[in-house]
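Quick notes on the structure that follows.
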Amino acid sequence: MAGHPSPPTPLPILGEGGETEHGLRTPKYATRNTQYVVRSTEHALGMTVDAARTEEHPMSEIAQEMDIQLEVESQEELELARMRHSAAHVMAQAVLEMFPDAKLAIGPAIENGFYYDFDLPRSLTPDDLGKIEERMREIRAAAYPFVRKEIAREEALAMFADQPYKLEIIHDLPEDAVISTYTHDGFTDLCRGPHVADTSQIGHFKLLNVAGAYWRGDEKRPMLQRIYGTSWRSEEELAAYLHRLEEAQRRDHRRLGRELDLFSVSEEIGAGLILWHPKGALIRHLIERFETDEHLKRGYQLVYTPHIASAEIYKRSGHLETYQENMYAPMDIDGTPYYLKPMNCPGHIMIYNSHVRSYRDLPIRLAELGTVYRYERSGTLHGMLRVRGFTQDDAHIFCRPDQLHGEIMGVLDLAMFFARVFGYEYKAFLATRPEKSIGSDENWERATATLAAALRDMGMAYAMDPGAGAFYGPKIDIKFLDSLGREWTGPTIQVDFNLPERFDVSYVGEDGERHRAVMIHRTVLGSMERFVGGLIEHFAGAFPVWLAPVQAEIIPIADRHLPYAQQVAARLVEAGLRAEVDDSSDRMQAKIRRAQLQRVPYMLVVGDKEAEAEAVAVRLRTNENLGPMPLADFIALAREMNDTKSLALTRDAS
RNA sequence: GCCGAUGUAGCUCAGCUGGCAGAGCAGGUGUUUCGUAAACACCAGGUCGUCGGUUCGAAUCCGACCAUCGGCUCCA
């Protein structure tokens, strides 16, 4: 099976709908947001990701091309998108009435709603949104019909003569394109459609926010004002969506990070640099320990490499050519510039190259929890999800070409194992050669085919992500889907042709000759920062027992129960559990409340009865009350949940 | 980096058009000893993001910078 990658398997998860199961948008920085929106829109149109991507449309264009001519996978989705797209038109009318000089850009339907980009004489205020919304309601009430009209190119150019963005769109349309307009209540927009019959059908909507957005997503083009709105079939669905937005806010890792005392960012230390507090650090440590052990079991070897390195190595690796804008300025050490490391690869390669390697030594899998520093533009920083210093669970696999397939399968297996432990669903993407890339066509094709074959042999459905590979090789991106159905950066597996050449990474074959080794870059969790940030939101702060910083809060009812409470704590600690006694002078109710807010899995209430019977009254953070049980039984339960890394708090719970 | 908004006590937020900085929660002390999500009282806590300007007087007006938030672009 050489030559071409197999055709993409349709991705079942996309079949669930562009909207996630719960209708929530993926958090910013969790994964490539724009791509997500594109996918959703593509899906609403029934296009495959492949088809949309190969045409290399910028997101805005794809999103704009709502066209009934496209094959639609689900009638329901088409109708939703149509409704939302129509709402965008109605919004544009309202804005144009308010600002007669407004220049209109584009206004597509997106996941859960719509937006429209405008070039306006002044900045919009939240007040304006209210007015626009009000006017939209009037337009909806009037039930103006949407009228489609196909027009000649010249006519279109004349009609939109004072709308420069529309003119640009018309100019960019292919010669034979059908140009159509949609008109309602005297407002006409260049649009391929489709639309609902009249403005009464634009759904129950709410305008959410105003944001800046570059024309055509290009930072060199004008900055427009984008109004985001959401629209739903019924008032109830709208209310439910707004409620889900609030729920997502309640889980925001930045908020929970503070409330649960997991991490902070200090302006004095610097933006984008995470301070891990004891509880956050404990969670990270537990994950790292688990992950490290698992890697050792799977034949990886641990290494450590320095945080700074001479410019020489980054010259040779090509980082100074292709990655310098992400690297911090060098420091001078005895006349030689040294850089903070932005990646771990060069160090691992140096370790590989420290010996002559035989084909019998391969594969060599070098793993490091490697801390790297990358310059990120100030506007992009976001809690733990987008930072300037982070620790990757990085590894580089050096192998023979004939081992590549098996090694990739091994990484995929590891990735699926981790997804299961943390309770994530996932979906896979195969990213192929970008325009700016190096290496021979043959290498690219072979590597891409190998990745595709490994995915297939692991029985993993995947979608193509054309042109999204690294410049040095294709990759598999796996997205974790959290409990709200949102996407998070997950494992990535990259095949690299570049560095093995640059560093002459080789092995001696059976034939006694030197051969070029194949190199795989891979990370399973991504970075500890982003992964833990995502985990906080995934679990809404209620970590499974094995990760909970405090597993059991012991709550004495009165001070006279303190000695027994201490005794219980000692027994738990002895059993390897993390327990804490609430010895404050608060009432029991307040202690329970505090433990609840801290998402402590088990609350052990101890009073006279328990002290006498050497028991604990077990309350779960789910508000379930298990009642009194012998201390030994509780220890057995908690240990079992801990040791099996169960996502549940009790044996029978799911 | 760009567009817009915001920055007052550890947290959430008041403080109208310039005139002595406030509340609740958290914290400390004391009282209370209580059976499954907040007992009561008292106390302490702030260079109002930073720097500069206007003014008799600035948390409040102006400017620059820093940080954060919502997006764009980019990414682990």
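Everything numeric here is computed off the predicted structure, so don't read it as measured data. Below, all heavy atoms of this structure are taken into account, side chains as well, without hydrogens, waters or symmetry copies. Chain identifiers are assigned alphabetically (A, B, ...) following the order of the sequence lines, protein sequences preceding nucleic acid strands; residue numbering begins at 1 within each chain.
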Counting only Watson-Crick pairs (N1-N3 plus N6-O4 or O6-N4) and G-U wobbles (N1-O2, O6-N3), all under 3.5 Å, who is the partner of [N]?
N	answer
B:G70	B:C3
B:A58	none
B:C40	B:G30
B:U12	B:A23
B:U50	B:A64

Can you check whether any acceptor in the base of [N] is under 3.5 Å from a donor in the side chain of [X], or vice versa?
X	N	answer
A:Arg530	B:C75	yes
A:Glu376	B:G1	no
A:Arg254	B:U68	no

Check your understanding: Take atom CD in A:Glu612; do more than 12 heavy atoms of anything else shown fall under 6.0 Å from it?
Key -> no
Looking at every strand, decide which applies to [X] at a 4.0 Å heavy-atom threshold: base, sugar-phosphate, or nothing.
X	answer
A:Asn623	base
A:Ala213	sugar-phosphate
A:Ser378	base
A:Asp608	base
A:Ser585	base
A:Tyr375	sugar-phosphate
A:Gly212	base
A:Leu224	nothing
A:Glu610	base

Check your understanding: Under 6.0 Å between ring centres, would you say that holds for A:Tyr339 and A:His319?
Key -> no
Exercise for review: Establish, yes or no, whether a centroid distance under 6.0 Å links the rings of A:Phe114 and A:Tyr116.
Suggested key: no
Any [X] side-chain N or O less than 4.0 Å from OP1/OP2 of [N]:
X	N	result
A:Arg587	B:A39	yes
A:His382	B:G70	yes
A:Tyr228	B:C72	yes
A:Arg560	B:C34	yes
A:Arg258	B:U12	yes
A:Ser123	B:G4	yes

How many whole angstroms separate atom [atom1] of [X] from atom [atom2] of [N]?
X	N	atom1	atom2	value
A:Gln494	B:C75	CD	P	12 Å
A:Leu129	B:G70	CG	C1'	12 Å
A:Asp582	B:G35	CG	C1'	15 Å
A:Leu626	B:G35	CG	C1'	16 Å
A:Asn112	B:G71	CG	P	13 Å
A:Trp215	B:G71	CH2	P	22 Å
A:Leu262	B:G10	CG	P	20 Å
A:Glu259	B:A26	CD	P	14 Å

Among [options], which nucleotide has an atom closest to any side-chain atom of [X]?
X	options	answer
A:Ala211	B:U36, B:G71, B:U73	B:G71
A:Met223	B:U33, B:A76, B:C72	B:C72
A:Ile557	B:C34, B:U73, B:A76	B:C34
A:Arg619	B:U33, B:A37, B:C75	B:A37

Point to revise | Shortest non-hydrogen contact from A:Gly534 toward A:Trp488 | key: CA-CZ3, 3.5 Å
Can you tell me, in whole Å, how much space there is between the [atom1] of [N] and that of [M]?
N	M	atom1	answer
B:U17	B:U60	P	12 Å
B:C66	B:C25	P	38 Å
B:C20	B:C34	C1'	44 Å
B:A21	B:G45	C1'	13 Å
B:U6	B:A14	P	12 Å
B:A9	B:G27	C1'	11 Å
B:A41	B:A37	C1'	23 Å
B:U8	B:U68	P	14 Å

Can you tell whether the side chains of [X] and [Y] come within less than 4.0 Å, N to carboxylate O?
X	Y	answer
A:Asp586	A:Arg594	yes
A:Arg284	A:Glu529	yes
A:Asp252	A:Arg254	yes

Point to revise | Near-strand residues of residues 588-595 of chain A, defined as heavy-atom separation under 4.0 angstrom from RNA chain B | key: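 Heavy-atom cutoff 4.0 Å gives A:Met588, A:Gln589, A:Ala590, A:Ile592, A:Arg593.
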Study note, to complete from the structure: From the list A:Arg255, A:Arg486, A:Arg250, A:Arg251, salt bridge (Lys or Arg N to Asp or Glu O under 4.0 Å) partner of A:Glu537 resolves to A:Arg486
Practice item. Return the set of residues passing side chain to side chain contact (heavy atoms under 4.5 Å, CB included) with A:Asp394 (not counting sequence neighbours), or none when no residue passes. Key: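 With neighbours one apart ignored, the set is A:Asn344, A:Gln392, A:His396.
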Check your understanding: So which one's nearest nucleotide on RNA chain B is more toward 5', A:Val618 or A:Val387?
Key ->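 Its nucleotide being nearer the 5' end, the pick is A:Val618.
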Check your understanding: If you find the nucleotide of RNA chain B closest to A:Gln225 and the one closest to A:Asn209, which residue's nucleotide is nearer the 5' end?
Key ->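 This one resolves to A:Gln225.
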Practice item. May I ask whether A:Phe390 stacks on the base of B:A76, given the cut-offs of 5.5 Å between ring centres and 30° between planes? Key: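 Per 5.5 Å and 30° rule: yes, stacked.
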Side-chain donor-acceptor pairs under 3.5 Å in residues 262-276 of chain A, sequence neighbours left out?
from: A:Ser264; atom 1: OG; to: A:His277; atom 2: NE2; distance (Å): 3.3
from: A:Ser266; atom 1: OG; to: A:Glu268; atom 2: N; distance (Å): 3.0
from: A:Ser266; atom 1: OG; to: A:Ile269; atom 2: N; distance (Å): 3.0

Point to revise | Parallel, tilted or perpendicular: rings of A:His295 and A:Phe418 (30°, 60°) | key: tilted
Check your understanding: Does the side chain of A:Thr432 reach to within under 4.5 Å of the side chain of A:Pro474, using non-hydrogen atoms?
Key ->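 No, their side chains stay 4.5 Å or more apart.
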